[in-house]
Colleague: 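First the structure, which I've put down as structure tokens, then a few questions once you've had a look.
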Amino acid sequence: MSDGVITLFGLGDRSGWEAATAGSETLPSQTWAYARGLAAAGLTPQLAVVEAGEARLVLPFHERSFQGFTDIATLPGLSGASIHPASSAPLALWRDYAAGRGWVCGYLQLSISTGALAVAAPDDTMSRNALFVFDLATWAAERSPGHNMRKTLRRGEREGAVFCTDRDWLAEVFPALHAQAMARVGEAPVFPPETLAIWADDPDVRFIGGGIDGQIEVAGLCRMRNGIAEGHLAGSTDAGRGLHAWLFARSAAWFATLGVRYYNIGGYGQPGDGLHMMKARLAATEHPLRAIRQIYRPDLFDSLCRAAGVAADAAYFPPNRTPGA
């Protein structure tokens, strides 16, 4: 194994996890409180801190069992894993450790704050999506978006929309709004009500919303830490469907007053879809969503792919899993 140190924390070691993520480089979705909410959704979150080559990898992850074998992935969310300064040394040390644990492979989403990496084989860097981020030091709704988007943003006020940050009110209505939005695309809510209730008590969470005639029509659950905000989940009524761009813009201005520099509003479903185009027209900066694909047991990995009838280098990773499995 390469030289370095690996320290693991589980949810039961709250003090250790919080101490490991107390620094100024910690991202909003790397905290113990965030992971605690995911545990209510059936995950078993862990945190690895890998120090090698004068660099530090912070890796929130979970193990996933499939067909009798185990792989790992970063916890769902916008933060991913971070490496400061950018270096492949912690990844090499982690690969050796993971192989010793018997895991088949690992999907490690990288934070957009992690700089370019010269990743050596057998690791593989992939990018299948992007994240949109406002730099609130320079972005302003009055000048940054194009003319048509500025008209869209003004339409919210014309329709009587009022920006709201009332935590108690929004926490109460958010689960139903999120469920409505997901039902419109034929999906169940991303997380169960128990997870949302835990996050509602997290001091890093901020709720944003828009009301018309005293009723909340659109809302978002965001996380804020170290000058970074992440738009984690959203929801709306049928009447509020057209207010999401307006909510992004209004909340960006609000986050700026709270000292936030970067506001990550997430990605999209497919390149060129409506969500992609809306976020691009807001003039948020598009950052490739990078991930490292590590294969710890190559022979077994290839065998599983052959058994599933898929190519080992398929775009979806790991290829032998069906999406969502």
Colleague: When you compare the side chain of C164 with that of I216, does any pair of heavy atoms fall below 4.5 Å?
Modeller: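 They are in contact (side-chain heavy atoms under 4.5 Å apart), so the answer is yes.
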Colleague: Decide whether Y263 and S251 meet the rule of one side-chain donor and one side-chain acceptor closer than 3.5 Å.
Modeller: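 Yes.
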Colleague: Between Q109 (side chain only) and L75 (backbone N and O only), is there a donor and an acceptor less than 3.5 Å apart?
Modeller: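 Answer holds: no.
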Colleague: Are L170 and M224 grouped together when hydrophobic residues (ILVMFWY) are joined by side-chain heavy atoms under 4.5 angstrom apart?
Modeller: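 No; M224 is not reachable from L170 via cluster members.
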Colleague: Compare every heavy atom of R206 with every heavy atom of L258, then report the nearest pair and how far apart it is.
Modeller: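 Result for this residue pair: CD1-NE, 4.4 Å.
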Colleague: Are L38 and V205 grouped together when hydrophobic residues (ILVMFWY) are joined by side-chain heavy atoms under 4.5 angstrom apart?
Modeller: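 Hydrophobic grouping puts L38 with V205.
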Colleague: Any non-hydrogen side-chain atom of L110 less than 4.5 Å from a side-chain atom of I83?
Modeller: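 In short, these two side chains touch, coming nearer than 4.5 Å.
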Colleague: In terms of relative ring orientation, are W199 and F191 parallel, tilted or perpendicular, with 30° and 60° separating the classes?
Modeller: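 Judged by the thresholds at 30° and 60°, the geometry between W199 and F191 is perpendicular.
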Colleague: With heavy-atom distances below 4.5 Å as the criterion, would you say the side chains of R281 and N148 are in contact?
Modeller: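 They are not in side-chain contact.
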Colleague: Give me the one residue out of R101, R321, R293, R297 that meets salt bridge (Lys or Arg N to Asp or Glu O under 4.0 Å) with D71.
Modeller: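 One option only clears the test, and that one is R321.
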Colleague: Is it true that the side chains of E230 and S29 contain a donor and an acceptor less than 3.5 Å apart?
Modeller: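 Per modelled atom types, E230 and S29 side chains form a pair under 3.5 Å.
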Colleague: Going by side chain to side chain contact (heavy atoms under 4.5 Å, CB included), L93 matches just one of L57, D3, V50. Which one?
Modeller: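 Single pass found, and it is V50.
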Colleague: I want to check something: taking the side chain as every heavy atom from C-beta on, are P76 and L43 in contact at a cut-off of under 4.5 Å?
Modeller: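 In contact.
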Colleague: Counting N and O atoms only, with roles assigned by atom type, does the side chain of T70 sit under 3.5 Å from a partner on the main chain of E63, one being a donor and the other an acceptor?
Modeller: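 No, because the side chain of T70 does not come within donor-acceptor range (under 3.5 Å) of the backbone of E63.
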Colleague: Rounded at 0.5 Å granularity, tell me how far CD1 in I292 sits from CE in M126.
Modeller: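 Nearest 0.5 Å value for the CD1-CE distance: 10.5 Å.
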Colleague: To the nearest 0.5 Å, what is the distance between CD1 on I112 and OG1 on T285?
Modeller: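 One finds 9.0 Å between CD1 of I112 and OG1 of T285.
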Colleague: Which residues satisfy the side chain to side chain contact (heavy atoms under 4.5 Å, CB included) test with F69, sequence neighbours excluded?
Modeller: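 V104, L300, L304.
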Colleague: Please report the shortest heavy-atom distance between G106 and F317, naming the atom on each side.
Modeller: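 Nearest heavy atoms, G106 then F317: O-CE2, 3.5 Å.
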Colleague: I'd like to check P45 versus Y34 (side-chain heavy atoms, cut-off strictly below 4.5 Å). Are they in contact?
Modeller: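 No, side chains not in contact.
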Colleague: Return the minimal non-hydrogen interatomic distance between G37 and T195, and the atom names on each side.
Modeller: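 Shortest heavy-atom separation between G37 and T195 comes out as O-OG1, 2.8 Å.
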Colleague: Decide yes or no for R225 and L27: does some side-chain heavy atom of the first lie under 4.5 Å from some side-chain heavy atom of the second?
Modeller: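 Contact flag for R225/L27 side chains = no.
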Colleague: Identify the two heavy atoms, one from A188 and one from M182, that lie closest to each other, and give their separation to 0.1 Å.
Modeller: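 For A188 and M182, the tightest heavy-atom pair comes out as O-CE, 3.5 Å.
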Colleague: Any donor-acceptor pair under 3.5 Å linking the side chain of N226 with the backbone of G23?
Modeller: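 Judged by distance alone, yes, a pair lies under 3.5 Å.
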Colleague: Report yes or no: does R184 contribute a side-chain atom to a donor-acceptor pair with the main-chain N or O of S236 at less than 3.5 Å?
Modeller: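 Indeed, once roles are kept as given, a pair shorter than 3.5 Å links the two residues.
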Colleague: Students often mix this up, so state it plainly: with edges at 30° and 60°, are the rings of H178 and F174 parallel, tilted or perpendicular?
Modeller: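 Rings of H178 and F174: parallel, under 30°.
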Colleague: Distance from L8 atom CG to L47 atom CG, nearest 0.5 Å?
Modeller: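 Spacing of CG (L8) from CG (L47) equals 8.0 Å.
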Colleague: How far apart are the closest heavy atoms of P145 and L153, and which atoms are they?
Modeller: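 Closest approach of P145 to L153, heavy atoms only: CG-CD1, 4.2 Å.
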Colleague: So C222 and H232, do their side chains get closer than 4.5 Å, heavy atoms only?
Modeller: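 Of all side-chain heavy-atom pairs linking C222 with H232, none is under 4.5 Å.
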Colleague: Look up atom OG in S82 and atom CD in E25, then write down how far apart they are to the nearest 0.5 Å.
Modeller: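 Output value for this atom pair is 7.5 Å.
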Colleague: Using modelled atom types and a 3.5 Å cut-off, is there a donor and acceptor pairing between side-chain atoms of R290 and backbone atoms of H287?
Modeller: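 Answer holds: no.
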Colleague: Checking R167 side chain against A200 main chain: does a donor-acceptor pair fall under 3.5 Å?
Modeller: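 Yes: the side chain of R167 pairs with the backbone of A200.
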Colleague: How many angstroms lie between OG1 in T165 and CZ in F255, if you round to the nearest 0.5 Å?
Modeller: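 T165 atom OG1 to F255 atom CZ measures 9.5 Å (nearest 0.5 Å).
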Colleague: Please test I6 against V49 for side-chain contact (heavy atoms from CB on, under 4.5 Å), starting from the C-alpha separation and ending with a verdict.
Modeller: CA-CA 6 Å; I6 295 177; V49 177; over 6 Å; no
Colleague: Does F207 belong to the same Ile/Leu/Val/Met/Phe/Trp/Tyr cluster as L177, with side-chain heavy atoms less than 4.5 Å apart forming each link?
Modeller: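 Yes; tracing contacts between hydrophobic side chains, which count when under 4.5 Å, links both residues.
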Colleague: Can any side-chain N or O of S88 pair as donor or acceptor with the backbone N or O of L91 at less than 3.5 Å?
Modeller: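 Checked: no pair found.
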Colleague: Mind listing the closest non-hydrogen atom pair of W169 and G214 along with its distance?
Modeller: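 Heavy-atom minimum between the residues: CZ2-O, 3.5 Å.
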Colleague: Would H84 and T114 count as having a side-chain donor-acceptor pair, cut-off 3.5 Å?
Modeller: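 Checked: H84/T114 side chains show no N/O donor-acceptor pair below 3.5 Å.
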Colleague: Output the distance between atom CH2 (W103) and atom CZ (R95), rounded to the nearest 0.5 Å.
Modeller: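 So the CH2 of W103 and the CZ of R95 are separated by 14.0 Å.
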Colleague: Determine all donor-acceptor pairs shorter than 3.5 Å in which one atom belongs to a side chain in residues 136-144; sequence neighbours excluded.
Modeller:
residue: T138; atom: OG1; partner: D135; partner atom: O; Å: 3.3
residue: W139; atom: NE1; partner: L282; partner atom: O; Å: 2.8
residue: R143; atom: NH2; partner: T138; partner atom: O; Å: 3.0
residue: S144; atom: OG; partner: A140; partner atom: N; Å: 3.0
residue: S144; atom: OG; partner: A140; partner atom: O; Å: 3.2

Colleague: Donor-acceptor pairs under 3.5 Å, side chain of residues 155-163 to any protein atom, not counting sequence neighbours: which ones?
Modeller:
residue: E157; atom: OE1; partner: W246; partner atom: NE1; Å: 3.1
residue: E157; atom: OE2; partner: W246; partner atom: NE1; Å: 2.9
residue: E157; atom: OE2; partner: R250; partner atom: NH1; Å: 2.9

Colleague: Flag yes if more than 12 heavy atoms outside D213 fall under 6.0 Å of its CG atom; otherwise flag no.
Modeller: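 Counting neighbours around CG of D213, 12 or fewer heavy atoms of other residues, nucleotides or ligands fall under 6.0 Å, so no.
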Colleague: Under a 4.5 Å side-chain heavy-atom rule over Ile, Leu, Val, Met, Phe, Trp and Tyr, are I265 and W254 clustered together?
Modeller: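 I265 clusters together with W254.
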Colleague: For a side-chain contact (heavy atoms from CB on, under 4.5 Å) check, start with the C-alpha distance between L59 and W94, then their side-chain angles and the critical distance, and finish with the verdict.
Modeller: CA-CA 10 Å; L59 172 60; W94 178 254; 3.5 Å; yes
Colleague: Compute whether any side-chain donor of one residue and acceptor of the other, for Q270 and Y268, lie under 3.5 angstrom apart.
Modeller: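 No, no side-chain donor-acceptor contact under 3.5 Å.
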Colleague: Without swapping roles, check the side chain of K279 against the backbone of A284 for a donor-acceptor pair under 3.5 Å.
Modeller: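 No, because the side chain of K279 does not come within donor-acceptor range (under 3.5 Å) of the backbone of A284.
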Colleague: Going by an N to O cut-off under 4.0 Å, is there a salt bridge joining D202 and R36?
Modeller: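 No, this pair does not count.
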Colleague: Is there a path of hydrophobic side-chain contacts, each under 4.5 Å between heavy atoms of I, L, V, M, F, W or Y residues, that connects F134 with L233?
Modeller: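 As far as the 4.5 Å side-chain criterion goes, L233 and F134 are not connected within one cluster.
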Colleague: Would you call F66 and P318 a side-chain contact if the rule is heavy atoms closer than 4.5 Å?
Modeller: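 They are not in side-chain contact.
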Colleague: Is it true that the side chains of S79 and Q30 contain a donor and an acceptor less than 3.5 Å apart?
Modeller: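 No, Q30 and S79 have no side-chain donor paired with an acceptor closer than 3.5 Å.
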Colleague: Show your reasoning for whether side-chain contact (heavy atoms from CB on, under 4.5 Å) applies to M278 and M149.
Modeller: CA-CA 8 Å; M278 180 266 282; M149 177 53 76; 4.2 Å; yes
